[in-house]
Amino acid sequence: MIVPEGNFPNCLTPYDLREAISPADAATMANRSERTILNWCNSEGIGRRINGGKWAVSRVALAMLLDGNRTALKAYLAGDRTGALVEAYYARFGIPVAELGNPPLKNRAKSEIFAHSGKTLQVVQGQRTA
């Protein structure tokens with residue numbers, strides 16, 4: 001088990017399924033081993049454990065690391081999501097920054113509860129019900 005060395009609280013924050021990929025998928029994307037990806041999660045801050053369980057890797061942060069764009073990665077890890085350097089990476093993967101952590105209904109889980117206009121609505125299979 002790899003225990004994070006650094007403190008990277010802004011990786012995958014807000015959490016968005018469109019940004020997160022598995023270490024195995026990240027290894028394929030980077031043409032590296034899964035062990036290398038987990039080491040990078042630990043040392044470079046490109047991923048985090050979700051709810052203390054499995055690792056999730058930010059495809060955005062991984063791309064920054066692979067491109068050697070330390071300035072963008074530093075901004076990303078500082079929490080910047082709207083700066084030109086960081087937003088360009090989100091655009092590369094077709095992730096609108098304005099929707100981070102709040103993907104369109106078609107991408108949400110089959111059943112969610114959220115507040116809207118003072119009422120609690122339940123989303124079931126993409127349809128809102130009161």
ask   = Step by step, would you call Leu100 with Tyr15 a side-chain contact (heavy atoms from CB on, under 4.5 Å)?
value = CA-CA 8 Å; Leu100 282 177; Tyr15 186 78; over 6 Å; no
NZ/NE/NH1/NH2 to OD/OE distance under 4.0 Å, Arg81 and Asp16 = no
query = Taking C-beta and beyond as the side chain, do Arg92 and Asp67 meet within less than 4.5 Å on heavy atoms?
reply = yes
request  = Output yes when Glu44 and Arg70 qualify as a salt bridge under the 4.0 Å nitrogen-oxygen rule, no when they do not.
outcome  = yes
ask   = Do any N or O atoms from the side chain of Arg32 and from the backbone of Thr36 form a donor-acceptor pair under 3.5 angstrom?
value = no
ask   = Under a 4.5 Å side-chain heavy-atom rule over Ile, Leu, Val, Met, Phe, Trp and Tyr, are Leu66 and Met64 clustered together?
value = yes
note = Heavy-atom closest pair (Ile46 atom, Ile37 atom, distance to 0.1 Å) is CD1-O, 4.4 Å
CG on Leu85 to NZ on Lys74, rounded to 0.5 Å = 12.5 Å
remark   = Distance col, row Leu73:CG vs Cys11:SG, nearest 0.5 angstrom, shows 8.5 Å
ask   = Which atom pair, heavy atoms only, marks the closest approach of Leu77 to Gly45?
value = CD2-O, 3.2 Å
query = Considering all heavy atoms of both residues, which atom of Trp40 and which atom of Ala30 are nearest to each other, and what is their separation?
reply = CZ3-CB, 4.3 Å
request  = Over all heavy atoms of both residues, which pair between Pro96 and Gly94 is shortest? Give the atoms and the distance, please.
outcome  = CD-O, 3.4 Å
query = Would you say the side chains of Glu19 and Ser58 form a donor-acceptor pair under 3.5 Å?
reply = yes
ask   = Should Tyr89 and Ile95 count as side-chain neighbours, where that means a heavy-atom distance under 4.5 Å?
value = no
request  = Say whether, by atom type as modelled, one donor and one acceptor occur between the side chain of Asp80 and the main chain of Ala75 under 3.5 angstrom.
outcome  = no
query = Once you round to the nearest 0.5 Å, how far does CD of Glu34 lie from CH2 of Trp55?
reply = 12.0 Å
task = Heavy atoms only: give me the nearest Arg59-Ala20 pair and the separation to one decimal.
result = NH2-O, 4.2 Å
key: Sidechain-backbone polar pair: Tyr76 side chain, Leu12 backbone, donor-acceptor under 3.5 Å   = yes
inquiry  = Give me the atom names and distance for the closest heavy-atom approach of Thr13 to Pro9.
reply    = OG1-O, 3.0 Å
query = If you measure from NZ on Lys54 to CZ on Arg49, what distance do you get to the nearest 0.5 Å?
reply = 11.5 Å
key: Side-chain (Asn69) to main-chain (Ala72) donor-acceptor, under 3.5 angstrom   = yes
query = How many angstroms lie between CG in Leu17 and CD1 in Ile21, if you round to the nearest 0.5 Å?
reply = 12.5 Å
query = Atom CZ in Phe93, atom CG in Leu62: separation rounded to 0.5 Å?
reply = 7.5 Å
